[in-house]
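Basis for what follows: all heavy atoms, side chains included, without hydrogens, waters or symmetry-related copies. Positions are given from 1 along the sequence.
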Amino acid sequence: MNTTHLGKFEHDRTIIDKYVKSSAFGKNKLVYAPLIIGIGLLCFLAFAIFEGLVETIGIGVISIMSVIVVVCFILVAVINRSAHKKLYEETKTAPVCIAKKVYGNDVQNIYYCIYSTGETRHDSSFINKIAEKIFAIPTNTNDKIDKEILDLFKIDFVKPGEFAKKLPLAFTDGVAVWRRQFALGNLPKDVQQQIEDNDRQFFVIAIVPENPRILTEQFS
């Protein structure tokens, strides 16, 4: 794995501009209120239509709910655009971190990966050490921190878009290390092989630590 270009990636305005937008979603937590309401009402409307309940509920109510759905999604777009603009103005560098594939679901091709966002973000040996500590935890452990780690890596994969969760600092010697799901199986086969050949490591851009993106430019 070539890490000599990490600094160049981190200060490349083209890279920053590309990844700021995808990293901005969810930066402003207010976006979730209209998003959840809009999706909930949309699901209800779909159910009402397919079950033939429109006349029972009433056209007026259906119309009002439809307007609310539209308003909700407009609010989501406005809030997210504002968050994107603010993040774009604040971002001068794009932290590139070495991530490591730890545990995964080979059926759904979704994998738990870890990465550090601090001064150790380029330290391959550090992220390997944390991975080895995770692998060394016995399943029947009684240690509180170890149990917390096992809970973070339990086999109940949700979705690759979930926000990352931070490992206990007591486990990582006070260094910020994050765990996030990535749909690595959706990457081209040759890219997946490159990750395997690189000791299951790859680069992510963590403009927002909880919402990193795979740096696709590393595979070109």
So, does Glu10 use its side chain to make a donor-acceptor pair with the main chain of Val96 at under 3.5 Å? yes
Between CD1 of Ile62 and CD1 of Ile49, what distance do you get to the nearest 0.5 Å? 6.5 Å
Assess whether a salt bridge exists between Arg13 and Asp17, defined as any Lys/Arg side-chain N lying under 4.0 Å from an Asp/Glu carboxylate O. yes
Which distance, rounded to the nearest 0.5 Å, do you find between the CG of Asp123 and the CD1 of Ile130? 10.0 Å
Look at Asp199 together with Lys100 and state whether they make a salt bridge at an N to O cut-off of under 4.0 Å. yes
Side chain of Lys165, backbone of Arg180: donor and acceptor closer than 3.5 Å? no
Looking at Glu196 and Lys101, is any side-chain nitrogen of the basic one under 4.0 Å from a carboxylate oxygen of the acidic one? yes
Let me confirm one number: the NZ-OG1 distance from Lys166 to Thr117, rounded to the nearest 0.5 Å. 7.0 Å
Do Tyr112 and Phe182 have ring centres separated by under 6.0 Å? no
With a 3.5 Å cut-off and no angle check, do the side chains of Asn198 and Gln194 form a donor-acceptor pair? no
Is it true that Phe203 and Phe9 have ring centroids separated by less than 6.0 Å? no
Residues 145-153 side chain polar contacts: donor-acceptor under 3.5 Å, at least two apart:
| unit_1 | atom_1 | unit_2 | atom_2 | d |
| --- | --- | --- | --- | --- |
| Asp151 | OD1 | Lys154 | NZ | 3.1 |

Quick test of your reading of the model: are Lys18 and Glu217 salt-bridged, counting only N-O distances below 4.0 Å? yes
Using 4.0 Å as the upper bound for N to carboxylate O, is an ion pair formed by Asp173 and Lys129? yes
Distance col, row Phe73:CZ vs Ile37:CD1, nearest 0.5 angstrom, shows 11.0 Å
What distance do Leu215 atom CG and Ile205 atom CD1 have between them, rounded to the nearest 0.5 Å? 4.5 Å
Verify whether one side chain among Tyr19 and Thr14 offers a donor that lies under 3.5 Å from an acceptor in the other. no
Between OG1 of Thr120 and CD1 of Ile127, what distance do you get to the nearest 0.5 Å? 6.5 Å
